[in-house]
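Each chain gets a letter, A, B and so on, in the order the sequences are listed, and its residues count up from 1.
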Number of protein chains: 2
Amino acid sequence: MNDRVSDDSTKDRILDAAESIFAEKGFKGSSVRAITEKAGVNIAAVNYHFSSKTGLLEAICDRRLIPLNKLRSERIKGILSEAEKSKTTPRTKEVLRAFIEPTMKLKETEPGAKDFIAFIGRAFNDPDGTARDVFLKFMKPMAELLYRALSAALPDMPKELLFWRLQFAMGAFGHTMQGDMTGALKAFGIEADTKVSPLEMLLDFMTAGMESTYK
Amino acid sequence: MNDRVSDDSTKDRILDAAESIFAEKGFKGSSVRAITEKAGVNIAAVNYHFSSKTGLLEAICDRRLIPLNKLRSERIKGILSEAEKSKTTPRTKEVLRAFIEPTMKLKETEPGAKDFIAFIGRAFNDPDGTARDVFLKFMKPMAELLYRALSAALPDMPKELLFWRLQFAMGAFGHTMQGDMTGALKAFGIEADTKVSPLEMLLDFMTAGMESTYK
DNA sequence: GTATATTTAAAACACATGTTTGAATTATTG
DNA sequence: CAATAATTCAAACATGTGTTTTAAATATAC
């Protein structure tokens with residue numbers, strides 16, 4: 001019953017391969033044959049270790065999303081209790097940063113995670129119900145905490161407006177996560193000098209959007 | 001050779017059915033069998049009239065995207081020449097409005113178009129290369145015009161920053177287009193009174209994000 | 001070291017996919 | 001009306017899909 005000997009090798013190879021292929025082709029677009037070939041394992045291994053293709057998807061989310069959301073939650077809860085202690089209001093940008101920064105960091109540090117980030121960026125709008133449902137299941141508590149923290153940061157904003165703006169912000173975030181923009185950049189004849197990181201640009205954009213009083 | 005007698009009936013029935021099924025299931029997730037069944041036509045009709053499933057996708061984009069982009073282009077060009085005439089700078093919000101408002105209007109007026117709008121909202125991030133490629137082919141000149149108009153509205157902004165902010169804005173837009181948010185709203189325990197339209201909320205959000213000087 | 005459980009392997013299964021075929025039907029034309 | 005073209009139809013085709021099966025190989029435990 002110890003699952004740390006010959007188990008992982010195969011399991012992890014499948015997880016790594018699936019992560020990368022899902023990122024490129026989406027859930028429906030990835031065949032378990034393509035995944036197992038890339039992983040160098042037999043096709044039956046997916047159903048043996050994960051019981052189904054959907055089970056594999058859930059395992060992928062388990063491996064990355066649970067630690068990621070733990071990081072996010074801790075940071076947001078830290079901000080909330082800090083604000084409560086000092087009887088102030090959390091800053092919108094810091095709340096958003098607490099949610100987004102761990103994702104960007106993960107993308108930079110752990111190389112394989114880049115594919116996963118791109119994948120969830122897409123899963124957010126994926127036409128395929130399976131991927132979206134699994135993804136949303138993992139994200140629900142996280143989304144509620146984020147919504148609560150933004151409510152604290154913007155206490156006077158009508159809840160419906162706050163909700164919509166959060167949707168807009170998440171749309172911007174998700175779209176930024178999926179794939180790299182270098183191709184599009186070049187198509188617009190822009191040379192990237194990246195003096196400012198995409199993370200900071202995104203946070204500026206989101207914060208201004210969330211706090212807007214534009215008339 | 002007159003294609004206006006028995007032709008259209010079948011062709012249009014297929015287009016309508018495909019539009020709605022593509023919107024729900026995405027390109028890859030929609031089978032031509034499901035489409036032809038919904039349209040009440042024989043399965044071979046798709047290949048007869050559109051030569052392939054991809055040809056059908058292109059025909060759908062033809063029918064909706066060309067008129068829509070014509071509307072958008074005319075409005076943006078109007079804003080640009082107006083600004084040139086009065087030697088002023090276009091207003092960011094009006095440029096964005098010229099791009100987005102026609103979409104929302106189309107959604108409200110022509111009932112079948114709602115499915116198409118949802119579909120392109122998704123195609124923007126669709127993992128399936130076919131749908132994304134076809135969609136981007138139709139959108140490229142439009143995107144360049146929009147970028148040019150925003151450059152005119154924000155002449156002092158570094159081009160790379162402008163580009164990224166446009167990406168963020170399009171992400172917010174695309175995510176808003178796909179599907180309705182009523183389910184998510186309810187999940188957050190928010191009752192929608194819709195005193196302000198999503199369009200205006202989105203425009204406020206985008207404009208603030210584009211123009212942000214947040215530090 | 002043998003018995004037991006776990007894991008891998010090749011093949012097949014059952015079904016869904018986009019597309020093509022060739023005959024039947026319908027519409028158009030002279 | 002006859003001849004020709006355009007369209008519809010049921011059936012089949014070729015391939016791809018997730019999953020299951022059964023036997024062989026490997027690791028674990030006594």
Looking for any heavy atom pair under 4.0 Å, which part of the strands does B:S30 touch: base, sugar-phosphate only, or nothing? sugar-phosphate
Select base, sugar-phosphate, or nothing to describe what A:A44 touches, counting heavy atoms under 4.0 Å on all strands. base
Charged N to carboxylate O below 4.0 Å: is that the case for B:E19 and B:R63? yes
Any salt bridge between A:E94 and A:R97, counting N to O under 4.0 Å? yes
Under 3.5 Å donor-acceptor pair, A:R33 side-chain atoms to D:dG16 base atoms: no
Between [N] ([atom2]) and [X] ([atom1]): distance, integer Å:
X	N	atom1	atom2	answer
B:F27	C:dT17	CZ	C1'	12 Å
A:K28	D:dT17	NZ	P	12 Å
B:Y48	C:dT25	OH	P	17 Å
A:L56	D:dG18	CG	P	11 Å
A:E37	C:dT8	CD	P	17 Å
B:N42	C:dT20	CG	P	14 Å
B:I35	C:dT19	CD1	C1'	14 Å
B:K25	C:dA16	NZ	C1'	14 Å

Is there a side-chain contact between [X] and the phosphate of [N], meaning an N or O under 4.0 Å from OP1 or OP2?
X	N	answer
B:T10	D:dT8	yes
B:S31	C:dT17	yes
B:H49	D:dT8	yes
A:N47	D:dG18	no

Are the side chain of A:S151 and the backbone N or O of A:Y147 linked by a donor-acceptor pair below 3.5 Å? yes
May I ask you to check if B:R165 and A:F205 form a cation-pi contact, with NZ or CZ under 6.0 angstrom from the six-membered ring centre and within 45° of the axis? no
5' priority, DNA chain D, between A:S51 and A:A34 [closest heavy atom]: A:A34
Rounded to the nearest 0.5 Å, what's the gap from CG on B:L199 to OG1 on B:T103? Could you check? 9.0 Å
